[in-house]
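The block underneath contains the structure these notes are about, expressed in structure tokens.
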Amino acid sequence: MSQNSIHWFRKGLRLHDNPALMAALRDSRHIYPLFLLDPWFPNNTRIGINRWRFLIQTLRDLDNSLKDLNSRLFVIQGSPTEVFPELFEKWNISRLTFEVDTEPYSRRRDEEVIRVAERCGVEVISKISHTLYNIDRIIEENNGKTPMTYVRFQSVVAAIGVITLHSKDHEEHFGIPSLEDLGLDTSSLGPDLFPGGEQEALRRLDEHMQRTSWVCNFEKPQTSPNSLNPSTTVLSPYVRFGCLSARTFWWKLVDVYRGKKHSHPPVSLHGQLLWREFFYTTARGIPNFNKMQGNPHCVQVDWDSNPELLSAWSEARTGFPFIDAIMTQLRQEGWIHHLARHAVACFLTRGDLWISWEEGQKVFEELLLDADWSLNAGNWQWLSASTFFHQYFRVYSPIAFGKKTDKYGDYIKKYLPGLKMFPADYIYEPWKAPRSIQERAGCIVGKDYPRPIVDHMVAHKKNLQRMKAAYAKHSPEENPIEKGQKRKAKSSMEMPQKKAAKLY
DNA sequence: TGTGTGTTGACAGG
DNA sequence: CCTGTCAACACACA
């Protein structure tokens, strides 16, 4: 039997570890590798120019790889339910294959496409390969409940057992558009530090996996948010687009770890992949995951609406050099270290500006090369102490935090060259520098660089109280009255006992 | 229902 | 480098 198949690339933009693509190849006479530029995405999400470039580079790389196999990538603009019926008929298609995607829009889209395919008599095959595990099964194994902690998540996946890795492996052509073809403004393109594509992804993976002791000793919290070159792998954009299979990454790490002492989840590189899996699971299980309202696990906070403060943050004009340097790196290069994300996210939300994490989520969605719906929403909830993380009294200092790993402010000077001449004593707080030093540095605060938009000490103390009030009102699954009584009992009884126990 | 724990705080003090 | 304190959270498990 010979068939004509379409393999629909969405994420999973690779040839390696691609079970759905393999399913398309089986017994096929013709296979049509297809990528749709679905207008839903630019119409409903924010895609910055740097991520557009990453996508186009990735598609070119995929096309090149397919050329080596005597094939080409077909790139078509249009919504799936309109495009597919035409293509099914035009190419006489009997089979459609694609990778499972767990995001809300993707699930709705795929359900509709499956219905369209059924009507056209086209068999649909979908395979899991974007995640290590079957995300739905994780929730099932946890009695239908979404695991809410990493520890809980780990115990559930441990029970599921080892993940598997898929074994390795025309006529007219619809070309890959350029950024200009797509009508995009390319004037703000940043340096091309992380070019898209499977070949680049595999090259970078290989490069890092050769550093065996670095891999074995990797502990995420020990890596620096403000080194001049990334202190971590920056494989995240590649995993996000599926240029690199998370499963291939996982098993490469198994090879490197074998027979050696190595770090473990949550801090290890394996642990990082499991964090991704954790947030994919919670994003699948929790309704309205990218919103506060209607999200049953999210603490409801009375965030301020303050467009001036928000744009100062997103445009690197807060007057805190550490924060502004990070936001500059983000905008120019499309990637910042995870702890740098913590620092700016805390600053925007519960730490200083008291602006909703949803606003920060939008900015990251636009600017990060690795912006991923599930991870972005999950991490913003984490950092704003809305869901998953509740120790809201742990606040990052926009002054002190960066000093731990960059005493002299070299990172700040790289991204904010206007502050280059400031002495180390004042680089994190230039407004404290005497006028003479500001003049010598050629940078007057309030004129050449903004004054701080908030007093951190005042703001964070006030915000702590506002968080306390929000938590007092928060009652995810319980009767609020009952909860209030429990809280009272705890605070009057437990604390003195604890202190007494310590004294004796 | 109490207790231990939680990838990644800041700060003072030894 | 480590520790405890600050003031205090929810989740998970026994």
Side-chain angles (χ1 to χ4, degrees), chain A residues 142-143 145-156 217-227 231-232 263-279 282 286 296-299 301 322 326 336-347 349-352 375 378-379 381-405 428 456-457 460-478 482-499 501-503:
Chain A
N142 195 39
N143 302 317
K145 286 184 290 197
T146 307
M148 292 303 289
T149 66
Y150 190 84
V151 170
R152 179 75 205 150
F153 169 84
Q154 268 188 297
S155 76
V156 178
N217 292 323
F218 185 93
E219 292 188 8
K220 186 64 167 281
Q222 304 308 316
T223 59
S224 168
N226 49 1
S227 50
S231 61
T232 51
S263 56
H264 291 276
V267 296
S268 63
L269 284 167
H270 262 174
Q272 306 313 300
L273 288 169
L274 291 177
W275 276 108
R276 172 175 180 269
E277 216 76 4
F278 172 66
F279 284 125
T282 57
I286 298 174
H297 287 274
C298 185
V299 179
V301 178
F322 180 56
I326 294 168
I336 51 178
H337 186 276
H338 188 62
L339 290 177
R341 303 180 195 201
H342 278 217
V344 297
C346 184
F347 185 86
T349 57
R350 66 192 168 86
D352 294 87
L375 275 58
N379 278 304
Q381 284 169 82
W382 186 290
L383 250 298
S384 61
S386 299
T387 314
F388 309 118
F389 174 82
H390 307 281
Q391 292 159 288
Y392 57 76
F393 36 89
R394 291 188 181 174
V395 177
Y396 289 87
S397 162
I399 297 140
F401 185 65
K403 285 185 186 173
K404 285 192 287 190
T405 43
Y428 283 87
H456 173 68
M457 290 317 283
H460 105 267
K461 286 235 168 73
K462 185 184 169 199
N463 292 348
L464 272 178
Q465 294 313 306
R466 294 179 81 170
M467 281 307 281
K468 191 179 171 182
Y471 266 86
K473 274 198 227 163
H474 179 61
S475 50
E477 276 125 336
E478 279 181 352
E482 217 176 296
K483 201 175 177 188
Q485 286 171 346
K486 239 166 68 180
R487 190 181 304 275
K488 260 180 195 160
K490 248 188 171 176
S491 55
S492 62
M493 297 291 291
E494 208 181 297
M495 290 307 287
Q497 276 177 354
K498 250 191 186 169
K499 281 224 168 92
K502 261 184 194 164
L503 283 170

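Note that the structure is a prediction, hence the values are computed from the model and not measured. Every heavy atom of this structure was used, including side-chain atoms; hydrogens, water molecules and symmetry mates were not.
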Between [N] and [M], how far is it from one [atom1] atom to the other, in whole Å?
{"N": "dT8(B)", "M": "dC2(C)", "atom1": "P", "answer": "15 Å"}
{"N": "dT5(B)", "M": "dG4(C)", "atom1": "P", "answer": "14 Å"}
{"N": "dA10(B)", "M": "dA10(C)", "atom1": "C1'", "answer": "22 Å"}
{"N": "dC6(C)", "M": "dG6(B)", "atom1": "P", "answer": "23 Å"}
{"N": "dG4(B)", "M": "dA8(C)", "atom1": "C1'", "answer": "15 Å"}

Euclidean distance, atom [atom1] of residue [X] to atom [atom2] of [N] [Å, nearest integer]:
{"X": "D352(A)", "N": "dG9(B)", "atom1": "CG", "atom2": "P", "value": "16 Å"}
{"X": "H456(A)", "N": "dG9(B)", "atom1": "NE2", "atom2": "P", "value": "13 Å"}
{"X": "M457(A)", "N": "dC11(B)", "atom1": "CE", "atom2": "C1'", "value": "10 Å"}
{"X": "M467(A)", "N": "dA10(C)", "atom1": "CE", "atom2": "C1'", "value": "12 Å"}
{"X": "Q391(A)", "N": "dA7(C)", "atom1": "CD", "atom2": "P", "value": "16 Å"}
{"X": "Y150(A)", "N": "dT8(B)", "atom1": "OH", "atom2": "C1'", "value": "13 Å"}
{"X": "K145(A)", "N": "dC11(C)", "atom1": "NZ", "atom2": "P", "value": "12 Å"}
{"X": "K461(A)", "N": "dC11(B)", "atom1": "NZ", "atom2": "C1'", "value": "11 Å"}

Using purine N1 to pyrimidine N3 plus N6-O4 or O6-N4 for Watson-Crick, or N1-O2 and O6-N3 for G-U wobble, both under 3.5 Å, which nucleotide pairs with [N]?
{"N": "dA8(C)", "value": "none"}
{"N": "dC1(C)", "value": "dG14(B)"}
{"N": "dT7(B)", "value": "none"}

[X] and [Y]: side-chain donor and acceptor closer than 3.5 Å?
{"X": "N379(A)", "Y": "R341(A)", "result": "no"}
{"X": "H337(A)", "Y": "T223(A)", "result": "yes"}
{"X": "Q381(A)", "Y": "T387(A)", "result": "yes"}

Margin query: Under 4.0 Å from OP1 or OP2 of dA7(C): is there any side-chain N or O of K468(A) that close?
Written below: no
Next item on the list: Identify the heavy atoms of H456(A) and D352(A) that sit nearest to each other, and give their distance.
Entry: ND1-OD2, 2.6 Å
Check whether any side-chain heavy atom of [X] lies under 4.5 Å from a side-chain heavy atom of [Y], and answer yes or no.
{"X": "L383(A)", "Y": "Y396(A)", "result": "yes"}
{"X": "W275(A)", "Y": "K220(A)", "result": "no"}
{"X": "F218(A)", "Y": "Q272(A)", "result": "yes"}

How is [X] classified with respect to the nucleic acid when contacts are heavy atoms under 4.0 Å: base, sugar-phosphate, or nothing?
{"X": "F401(A)", "result": "sugar-phosphate"}
{"X": "F393(A)", "result": "base"}
{"X": "V267(A)", "result": "base"}
{"X": "K404(A)", "result": "sugar-phosphate"}

Notebook entry, point to check: Are the side chain of R276(A) and the backbone of L375(A) linked by a donor-acceptor contact shorter than 3.5 Å?
Noted result: no
Set out, line by line, the N/O atom pairs under 3.5 Å between protein and nucleotides 12-14 of chain C.
unit_1, atom_1, unit_2, atom_2, d
dC13(C), OP1, R152(A), NH1, 2.7
dC13(C), OP2, R152(A), NH1, 3.2

Next item on the list: Tell me which nucleotide among dT7(B), dG6(B), dT8(B) gets nearest to the side chain of Q272(A).
Entry: dT7(B)
Next item on the list: Report the nucleotide, chosen from dA8(C), dG9(B), dA10(C), that has the shortest atom-to-atom distance to any side-chain atom of H390(A).
Entry: dA10(C)
Checklist line | Near-parallel close stack of W275(A) and dT7(B) base (under 5.5 Å, under 30°) | finding: yes
Next item on the list: From the options F279(A), Y150(A), F153(A), select the one residue that forms a ring-ring contact (aromatic ring centres under 6.0 Å, His included) with F388(A).
Entry: F279(A)
